Structure formats: structure tokens, C-alpha cells
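Worksheet for the structure shown next.
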Amino acid sequence: MDNIYGTCLPNFYVSYEREYIKINDVRISIDKKISYENFRSHRWYGVDDLRAFGHRSRTMQMGYDPKDWSGKPVIGIINTWSDISHCHVHFKERVEQVKRGILQSGGFPIELPAISLAEPIVKPTTMLYRNFLAMETEELLRQHPIDACVLMGGCDKTTPGLIMGALSMDLPTIFFPAGPMLRGNWKGVPLGSGSDTWKYYDDLREGKITEEDWREVEEGIARSFGHCMTMGTASTMTSIAETIGFVLPGGASIPAADSNHIRLATQTGRRIVEMAWEDLRPSEFLSRSSFENAISAAMAMGCSTNAIIHVIAIARRAGFDISLDDFDRIGREVPVIANIRPNGSTYLMEDFYYAGGLRAMLKIIAKFLKTGATTVNGKSIGENIGNAEVYNHDVIRSLDNPIYPSGALVVLKGNLAPDGCVMKVSAMDNKFLKHTGPALVFDDYPSMQNAIYDENIDATADTVLILRNAGPKGGPGMPEWGMLPVPTKLVKQGVRDMLRMSDARMSGTSYGACVLHISPESYIGGGLALVQTGDMVTIDVQKRLIKMEVDDNELQQRQQNWRPQKPRFERGYGYMFSKHIEQAPEGCDFDFLKTDYGAPVNEPDIF
């Protein structure tokens with residue numbers, strides 16, 4: 001028995017009985033469960049006909065030799081690098097390190113660039129294009145002679161988009177995470193992505209810091225390549241990808257600038273060649289337990305609210321009907337134990353890594369996990385976390401000393417949100433767990449923004465700020481507008497949190513008493529469309545209730561008087577998006593991309 005990777009991460013890989021073969025005169029051990037003739041690429045390169053002649057000759061045109069591909073799996077690398085993708089700026093180098101691992105194990109690497117979705121550069125929101133990336137990923141893999149793939153992502157929507165597309169294609173797949181950036185710094189104080197943007201902006205509005213201070217924060221908050229180093233959507237989703245089983249154990253926690261991240265890239269390249277010969281597809285190792293584990297991990301890490309939308313979408317692409325009810329059920333049991341901002345007040349993802357990382361956190365919550373769920377390394381998640389340790393018990397807490405006694409997120413329902421909405425209770429003032437206040441309603445972001453900076457705004461700390469027409473269709477694309485700014489008038493009075501509601505999302509780096517993803521969205525006539533300024537609005541987290549204190553007859557009359565708005569798009573991708581996007585509780589996928597929509601797509605004809 002030979003271990004696949006006996007040096008770098010010896011406990012993370014399965015051992016197999018080996019068959020030794022020669023590839024380009026190099027002796028390599030491979031666990032072959034399928035033959036070369038079973039690979040998709042064989043249809044392009046391995047047959048003796050006119051079309052294969054063209055494929056081979058055009059590949060040789062690029063300087064390749066038949067020994068580069070003959071008898072080998074072709075590994076597609078979907079790379080979301082671009083000149084403006086700040087989170088992935090290091091992917092130009094990392095892709096070469098992934099290729100190195102593929103070549104070491106006798107594969108033929110092919111890099112395929114995909115849309116980069118640079119958060120927060122892309123407007124109006126990257127969420128408008130997550131499904132675009134999913135479609136592009138699926139079709140890149142289908143149209144090319146790819147036998148297995150490495151997905152390179154990390155910035156918020158790239159992780160779900162890449163995985164969704166790969167699931168629909170169902171080739172052997174492994175995810176390579178971008179890794180969190182190094183912690184920021186300002187005058188010796190650590191800075192956290194997003195979270196400190198909001199904090200110091202309020203300090204600026206209150207007069208606690210100067211314009212010069214504000215510029216220095218801007219210069220110090222993002223010091224290296226990599227994604228947000230708070231427990232935002234990026235760190236949440238890469239950690240979820242690992243928990244589901246798509247990332248080599250421990251990979252999601254490694255900072256982007258750490259040399260271990262380079263080694264992870266090469267290890268990922270080596271492993272995907274093994275997976276190609278093993279024919280280890282997502283449909284082989286994923287189960288409902290994989291996604292229930294992901295929800296448990298999300299709750300324990302104090303996840304981004306965006307996790308709900310993305311996990312539901314990913315799970316349903318895999319054929320598992322995960323819903324809001326699963327999040328609420330698991331969230332009642334699993335406490336928040338990762339003391340990472342914005343849930344905690346001090347630590348960031350770099351500290352999380354030094355404290356033992358995701359594997360250590362998962363070991364602490366092992367009793368909530370289905371530890372038999374399998375992963376890309378061929379082992380169960382239970383085996384992968386078996387020797388994990390916590391090195392800082394303030395960063396990764398014990399179950400009897402949590403950051404928050406239940407999960408990070410709760411699901412509320414009522415006449416304002418008949419199909420549900422989401423609230424991040426682990427990062428807000430607890431006084432808003434039960435609250436009733438008068439609504440102040442805005443139909444669009446500009447009118448809300450103008451009012452927020454108006455010193456004469458008719459609002460108190462008890463007011464409930466409501467923004468509507470910001471959902472999947474209305475936004476369009478469900479932008480991250482949900483952390484509505486506290487009015488400047490109140491900020492100057494020392495108010496830093498108040499109850500806010502919308503059908504939008506918010507950044508995972510955000511915090512505060514924000515009710516999000518209200519569904520059905522107001523743009524299509526959901527309950528949020530009916531609330532009026534002055535209505536009393538109530539939430540009760542213990543009862544999982546959200547409602548406007550308006551009698552049913554009045555609501556029925558308002559519904560009859562409601563009129564739809566003008567379409568956001570009349571042509572192009574946006575038009576298609578508006579026609580086919582689903583609501584938040586369904587994961588905001590396109591209806592026609594769901595696994596059960598129509599007959600499966602066949603392999604492309606080659607004539």
C-alpha cells in the first residue's frame with residue numbers, strides 16, 4: 001500500500017492498492033478504476049478518424065506533443081482570474097502551481113478562463129451574474145475534451161457559481177479556494193474587511209475620526225491578495241465548500257499569502273488526476289448529509305446570510321431538497337463557536353487558521369455532523385478531522401463557551417414574509433430580538449440614501465427602516481443593500497443599530513439587526529409591497545415571527561390596489577435573468593438550470 005501524498009499532508013489522503021504505469025517514461029502509481037478509453041477526451045484525441053486528426057493537429061499547433069495527452073486524463077482548470085479581480089490576483093501564479101501538480105501525476109492541464117465576478121467592483125451586483133458563471137462553467141466543461149476539473153475561486157459568488165456549474169456537468173471535481181487576505185492594519189489596530197468599513201464610516205459621520213484617518217483606513221484595510229478576512233461570504237462559502245467535500249482538508253483556512261497555499265495548489269493538481277482515474281464524481285460522494293454538515297458548519301462559524309441562498313442552490317443542483325426549514329432546524333441546535341468578526345470583536349481569518357482552522361472547528365461540533373459523509377480525498381469528514389486540534393480556545397470556542405448560544409441565522413415568517421426571511425442574530429444588538437416599531441418605507445435606494453443623510457428625518461432608534469424593490473427581480477439581482485445605514489442624525493446621538501428590513505441581501509461582513517431576503521419580494525407583490533410608512537411592524541425571534549400590525553381586510557385592499565412596476569430589462573442577459581430567476585428560498589437559481597428541469601443534456605456530437 002502506497003500513500004498518495006506521503007510528505008506534505010500525510011494524514012489527509014486515502015491509500016490505495018496501486019497499479020504502476022509509465023507515462024512519458026516516468027513511473028507513476030495510479031489507482032485505475034476506469035481505462036483511458038473511458039475518458040471523454042478519448043473521443044477527441046484517441047480515435048482514428050478525420051475529426052480526431054483535426055483535434056490532434058490543432059493541439060500540436062500550440063506546441064504540444066502527443067506524449068502530452070496520450071493515455072492521460074485532460075484536466076480542465078476553470079480560472080476566475082482577471083486584472084480587476086483583486087481577490088484572485090494571485091491566481092496567475094497559483095494556476096501554474098496547480099498545473100505542476102497535474103503534470104506530476106501524469107495529467108494534461110488545460111486552463112479555461114471564466115468570468116471573474118470581482119466583489120464589490122461588479123455592478124449592480126455580482127449576484128446578477130452568479131448563474132452566468134454557473135452556466136459558463138457547465139458549458140466550458142461540456143464543450144471541451146475535459147475529463148476532470150479544478151475550480152479556482154473564492155470571491156463571494158465564484159464559489160457557488162463554479163460548484164453549481166460543475167455539479168450539473170458531474171465530472172470529477174475539486175475546488176481550489178483563493179484563501180483569505182492578511183489582516184488589515186491602522187495605527188497598530190487590526191482591520192477587518194467590510195466590518196471596519198461600516199464601523200469607521202459611522203465614526204467619521206459622528207466626528208470621532210478625521211478625513212485623514214478615514215483615508216488611512218482605506219489604505220490599510222486590504223493589504224494583500226486574497227478574499228475578505230472577516231467571516232464574510234467568501235470565507236463562509238469556501239469553508240462550506242470544504243465541509244461539503246470539495247476542498248482538500250484544511251485548505252479553506254489557509255491565508256492566500258501563506259506558502260502553504262502554494263503547496264495546496266500543487267496538492268490539488270495531483271489529487272484531481274487521481275480522481276479522474278477513480279472516476280470520483282460529485283454524484284458519487286455527495287449526500288444530503290454533506291449539506292446538513294455544511295449548514296452545521298455555517299451556523300458554528302457565524303456565517304454570512306448569503307450562505308442560505310447559495311447552499312440551497314448548490315444542494316438542489318446536486319439533487320437534494322435543502323430548504324429554509326433545514327437552516328432553522330439545525331440553527332436551533334448548533335451554537336456559534338468561531339470568534340471571528342463580525343460575530344466576535346477581535347479575531348480574523350488569519351487568527352482562525354493559526355487556531356486550528358476549519359478542521360478544528362468541525363471537530364468541536366462533531367456531534368452535530370454526519371461524520372460518514374465522504375469528500376474529494378476519498379475519506380470521510382470524520383476521518384479528515386480526526387487529528388485536528390484547537391490551539392487558541394478564545395478564537396475557536398468550546399460548545400459550553402460559545403460566542404452565541406444558537407446558530408448565527410434564524411428564519412422568520414409572517415404576513416410580511418409568507419415564504420420566509422433571514423436574520424443574523426449573532427451579530428446584532430439583542431434588544432432587537434423582540435421589537436415593535438413604526439415603519440419608514442423607501443421604494444428605492446436613492447430615496448432611502450437621501451433621507452438617511454437628512455438631519456430632519458422623522459426617525460428614532462425605534463423606527464423600522466424598510467427598503468423594498470431590491471430583490472432578485474426588483475434590484476435587479478438582489479444587491480447587498482440590506483444593511484441600511486443608520487440615519488446620520490441618530491449616529492450623532494450614539495445610535496449604531498436599529499431594525500432594518502428589505503428583500504435585498506447584505507454583505508457577509510455586515511452586521512446589525514437587518515431582516516433580509518424577504519420573500520416573495522416586493523417587486524412581484526409580496527407582503528413587503530403592502531407595508532406603509534407609519535404601520536407598526538413586529539419581529540419576535542423566539543417565535544420566528546415577522547408581521548405588520550395591519551388587519552387582513554386592509555391588507556386585502558392594499559393587495560388589490562397594488563400595481564406591477566415597469567420591467568427592469570427589455571433585452572439581453574438581464575431580460576433572460578428576469579424571466580427565469582427564482583426567489584430567495586429557492587436559491588435564486590434559474591428555473592431552467594435546475595436538475596429536474598427537462599431531460600439531461602447529452603454529450604456533444606463529434607462529426
Side-chain angles (χ1 to χ4, degrees), residues 115 117 120-135 157 306 309 313 415-421 439-454 464-485 500-506 514-535 537 548 550 554-594:
I115 189 171
L117 300 187
I121 304 296
V122 172
K123 303 301 180 186
T125 169
T126 53
M127 190 62 187
L128 188 65
Y129 301 102
R130 183 201 68 180
N131 297 343
F132 187 109
L133 175 58
M135 289 192 296
K157 313 308 179 298
N306 292 309
I309 292 175
N415 61 8
L416 257 173
D419 294 341
C421 58
L440 179 55
V441 182
F442 304 99
D443 286 321
D444 55 63
Y445 200 92
S447 62
M448 181 276 296
Q449 194 171 36
N450 290 336
I452 290 302
Y453 298 109
D454 184 350
V464 180
L465 300 180
I466 294 179
L467 174 66
R468 55 190 175 201
N469 299 313
K473 291 177 181 284
M478 208 176 179
E480 292 184 339
W481 296 343
M483 185 185 173
L484 310 184
R500 291 154 278 180
M501 299 181 179
S502 74
D503 42 15
R505 298 176 301 111
M506 78 175 182
C514 302
V515 179
L516 310 157
H517 310 180
I518 291 178
S519 184
E521 65 176 300
S522 54
Y523 183 79
I524 62 173
L528 195 65
L530 309 182
V531 66
Q532 298 178 359
T533 293
D535 290 342
V537 176
M548 46 186 156
V550 180
E554 173 63 19
L555 287 178
Q556 185 176 10
Q557 185 61 51
R558 292 183 187 182
Q559 188 75 69
Q560 291 173 354
N561 294 336
W562 178 83
R563 296 292 181 269
Q565 297 186 36
K566 179 182 177 182
R568 294 288 193 255
F569 297 99
E570 296 186 2
R571 63 165 299 281
Y573 172 76
Y575 177 82
M576 183 186 75
F577 180 97
S578 298
K579 291 292 184 183
H580 296 284
I581 192 67
E582 296 190 315
Q583 291 293 291
E586 284 74 51
C588 293
D589 204 353
F590 289 154
D591 54 10
F592 64 85
L593 293 179
K594 293 192 299 185

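Note that the structure is a prediction, hence the values are computed from the model and not measured. Quick note: numbers below take in every heavy atom, side chains included, and nothing from hydrogens, waters or symmetry partners.
With sequence neighbours left out, the side-chain contact (heavy atoms from CB on, under 4.5 Å) criterion links N450 to no other residue. With sequence neighbours excluded, no residue satisfies side chain to side chain donor-acceptor pair (under 3.5 Å) with D454. Shown here are the side-chain contact (heavy atoms from CB on, under 4.5 Å) partners of A504, two or more places apart in sequence or in another chain: A470, W481, S502. Listed by chain and residue number, Y129, F132 satisfy the ring pair (Phe, Tyr, Trp, His ring centres under 6.0 Å) test with Y573 (two or more places apart in sequence, or in another chain). Applying the salt bridge (Lys or Arg N to Asp or Glu O under 4.0 Å) rule to E480 yields the partners K157, R505; only residues at least two apart in sequence or on another chain are considered. Qualifying side chain to side chain donor-acceptor pair (under 3.5 Å) partners for Q556, counting only residues two or more places apart in sequence or in other chains: none. Here D443 pairs with R468 under the side chain to side chain donor-acceptor pair (under 3.5 Å) rule; sequence neighbours left out. D444 is linked by a salt bridge (Lys or Arg N to Asp or Glu O under 4.0 Å) to nothing, counting only residues two or more places apart in sequence or in another chain. For D419, there are no salt bridge (Lys or Arg N to Asp or Glu O under 4.0 Å) partners at least two apart in sequence or on another chain. Residues meeting the salt bridge (Lys or Arg N to Asp or Glu O under 4.0 Å) test with E582, sequence neighbours left out: K594. In this structure F592 satisfies the ring pair (Phe, Tyr, Trp, His ring centres under 6.0 Å) test together with H580, F590, sequence neighbours excluded.
The structure places CG of D591 at 9.0 Å from CD1 of I581, a figure rounded to the nearest 0.5 Å.
Looking at D589, its side chain never comes within 3.5 Å of a backbone N or O of A313 through a donor-acceptor pair. When atom types are taken as modelled, the side chain of Q583 and the backbone of E521 share a donor-acceptor pair closer than 3.5 angstrom. A distance-only check finds a donor-acceptor pair linking the side chain of N131 to the backbone of C588 [under 3.5 Å]. In this structure a side-chain-to-backbone donor-acceptor pair under 3.5 Å is missing from S578 to K473.
Pairs of residues two or more places apart, or lying in two chains, that qualify as salt bridge (charged side-chain N to carboxylate O under 4.0 Å, His left out) and include a residue from residues 558-574 are D535-R558, E554-R558.
Between Q532 and M548, every side-chain heavy-atom pair lies at or beyond the 4.5 Å cut-off.
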